[in-house]
Amino acid sequence: MKLSARHENLLKHTYVDFYQTSEFLEHPLILDKADGLYYWDIEGKRYFDAIGGVFVASLGHRHPRLLDAVRRQIERITLAPPLHGIADVTLDFVEKIGTVTPGNLKYVKAFSGGSEAVEASFKFVRQYFKQTGHPGKYKIISRYFGYHGGTFGGMSASGTGPRKTKFEPQMPGFLKVFPPTFYRDRFPSWDEANRFAAESVEDTIVAEDPETVAAVIVEPVGNTGGIITPTPEYFRIIREACDRHNVVLIFDEVITGFAKTGSMFAAQTFGVTPDIICTGKGISNGVIPLGAMIAREDMAEAFFGPPDAGLQFAHGHTFAGNPLACAVGIAVMDEMVERQLAEKAVRLGNYLTSRLECLKKFGVVREVRGKGVLRGVELVKDTRTMQPFPELGKALKRTALQNGIILRSDPTWFAVCPPLIAEESDLDEMCDLVEKSLADALALVKR
Ligand SMILES: Cc1ncc(COP(=O)(O)O)c(C=O)c1O
């Protein structure tokens with residue numbers, strides 16, 4: 001893409017997330033429109049959106065039902081007075097989420113994105129323990145290589161090295177354990193690595209003194225670590241440890257939420273019910289910013305009391321529960337349930353995996369992993385030594401764009417998460433582009 005002087009100048013007056021501006025200026029991408037499975041840049045070049053923006057647009061871009069929901073809501077109310085009331089559509093949204101969550105996770109607060117949902121969950125948990133006789137419980141345990149948001153709490157729980165060291169010290173009270181991938185080469189099997197990693201969560205709770213530990217937060221499928229996909233037993237062990245020590249289990253389902261993994265939430269896919277789910281991204285399909293914290297309804301009782309008790313959750317945002325966003329969220333859930341898109345994610349995911357497995361012929365793929373349509377491919381220099389190949393991942397980012405496909409690429413892995421409106425023939429088109437891009441990337445780098 002050729003940049004005009006005006007665009008080049010304007011790009012120096014803003015930034016693209018986690019991008020060095022000079023690098024972006026060399027390989028710019030300025031988008032003009034999106035529809036269904038595709039983006040178009042301002043020169044008219046088309047890109048297959050293999051990642052739904054970034055794990056967001058599961059119903060594809062400009063979905064008519066969602067646009068219609070916005071149009072109808074805009075005619076009624078777009079903002080309720082946050083300190084005085086709540087829009088009826090926001091209550092409808094609360095009710096609707098309660099119909100798709102596992103267990104009794106029905107206490108819902110809508111926010112404007114994933115970070116806000118995560119941040120609220122940490123504050124909710126700390127206040128919850130202060131009001132249920134355990135005021136010393138405040139520590140949050142999370143995992144290295146995880147990502148929970150750009151705000152200070154979310155960042156402190158994140159284990160993404162360089163993304164957060166620039167802002168340290170992190171908030172006090174945040175501790176980390178390693179995910180199972182960290183141990184996989186030290187154990188004879190993946191199951192055993194998972195068992196050890198899960199047991200280390202309880203070891204940490206005990207070593208810290210359980211009366212100081214408030215919550216464990218995990219992404220059921222960890223994106224920034226490279227689509228880390230633990231065993232169901234891993235979550236069962238953590239669930240039991242949390243129960244034994246009165247520790248709240250938070251699933252950060254900002255990426256895994258809303259049908260991608262084969263169930264509405266990955267909690268259902270793995271058969272484990274957390275105490276809180278944080279969501280964002282796919283809940284709005286990217287139409288209007290939206291996220292939500294969803295807690296066990298009995299936890300909410302800790303915040304009820306007589307009018308002057310001062311027990312209410314001491315937390316709010318001007319745009320929390322925004323009516324337009326909630327109208328879209330309801331339409332997203334209706335569409336997913338009516339069209340059985342979680343079930344479709346399993347079918348598409350199986351086909352996608354079989355296509356991605358074919359990439360092993362290049363000799364640089366260690367593993368294809370994930371659940372449903374959320375799939376990651378780990379890249380190595382050599383499948384005998386399993387040495388990492390960071391140059392390849394970096395080259396792939398460029399060749400993919402050249403070939404007209406948008407995927408999530410990292411130095412040592414890449415991920416795809418095609419929208420659930422895709423059919424097998426669309427996945428063929430997408431996987432052909434992935435394969436060509438990987439071949440082109442390999443031609444650019446030395447093995
Ligand atoms: C797992 C996870 N949690 C939280 C967040 C933060 O969400 P947002 O960017 O909407 O604030 C992200 C964003 O990528 C995420 O992937």
Side-chain angles (χ1 to χ4, degrees), residues 15-19 51-58 109-124 140-164 167 170-171 174 176 179 181 215-230 235 249-258 260-261 265-267 269-270 274 276-294 317 319-320 322 325 328-329 332 370-376 406-410 413-417:
Y15 68 94
V16 174
D17 292 1
F18 304 110
Y19 234 121
I51 201 84
V54 61
F55 307 110
V56 176
S58 298
K109 182 72 180 174
F111 296 110
S112 299
S115 300
E116 280 189 8
V118 166
E119 207 72 22
S121 73
F122 295 159
K123 291 174 73 176
F124 186 81
I140 314 279
I141 298 176
S142 59
R143 300 187 308 181
Y144 289 107
F145 311 113
Y147 183 71
H148 298 290
T151 47
F152 253 94
M155 185 182 64
S156 298
S158 298
T160 44
R163 270 199 195 180
K164 68 189 178 71
F167 311 104
Q170 65 181 30
M171 279 177 57
F174 285 81
K176 312 259 177 336
T181 34
V216 170
I217 181 167
V218 287
E219 293 161 80
V221 177
N223 168 47
T224 39
I227 311 298
I228 297 173
T229 314
F235 292 111
L249 179 58
I250 306 174
F251 271 14
D252 179 341
E253 298 231 26
V254 170
I255 285 182
T256 52
F258 295 94
K260 298 182 191 97
T261 67
F265 294 98
T269 300
F270 285 102
I276 296 181
I277 288 179
C278 298
T279 69
K281 293 189 187 279
I283 192 176
S284 73
N285 211 57
V287 176
I288 307 271
L290 179 64
M293 179 194 77
I294 313 162
H317 288 287
F319 296 124
N322 177 268
V328 172
V332 167
K371 290 274 180 203
V373 289
L374 174 57
R375 295 283 160 179
I406 294 179
L407 40 77
R408 169 82 166 85
S409 57
D410 209 69
W413 54 274
F414 73 88
V416 291
C417 187

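First listed ligand is number 1; within each ligand, the first listed atom is number 1. Please read these numbers as outputs of a predicted model, since none were measured by experiment.
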Please report which non-hydrogen protein atom sits nearest to atom 16 (O) of ligand 1, along with the residue it belongs to and the distance in Å to one decimal place. Ile255 CD1, 3.3 Å
Quick one: does Asn223 get a heavy atom under 4.0 Å from ligand 1? no
Work out whether the distance between some heavy atom of Glu116 and some atom of ligand 1 is less than 4.0 Å. no
Determine whether Cys278 and Ile250 make a side-chain contact, defined as any pair of heavy atoms from C-beta on separated by less than 4.5 Å. yes
Is Glu219 in polar range of ligand 1, meaning some N or O pair under 3.5 Å apart? no
When the aromatic ring centroids of Phe265 and Phe258 are compared, is their separation below 6.0 Å? yes
Nearest non-hydrogen protein atom, atom 3 (N) of ligand 1: Asp252 OD2, 2.7 Å
Do the numbers put Arg408 on top of the ring of Phe55, so that NZ or CZ is under 6.0 Å from the six-membered ring centre and no more than 45° off the axis? no
For atom 9 (O) of ligand 1, what is the nearest protein heavy atom, given as residue, atom name and distance? Ser115 OG, 4.3 Å
Between Thr151 and Glu119, is any side-chain donor less than 3.5 angstrom from a side-chain acceptor? yes
For atom 10 (O) of ligand 1, what's the nearest protein heavy-atom neighbour? Residue, atom name and distance, please. Gly114 N, 2.9 Å
Rounded to the nearest 0.5 Å, how far apart are OG1 of Thr256 and CG of Leu374? 7.5 Å
Between Phe251 and Phe235, is the ring centroid distance below 6.0 Å? yes
Please list, in number order, the atoms of ligand 1 under 4.0 Å from a heavy atom of His148. 3 (N), 4 (C)
Report the nearest protein non-hydrogen atom to atom 1 (C) of ligand 1: residue, atom name, distance rounded to 0.1 Å. Tyr147 O, 3.2 Å
Should we count OH of Tyr15 as having more than 12 external heavy atoms under 6.0 Å? no
Contacting atoms of ligand 1, where contact means under 4.0 angstrom from a heavy atom of Lys281: 13 (C), 14 (O), 16 (O)
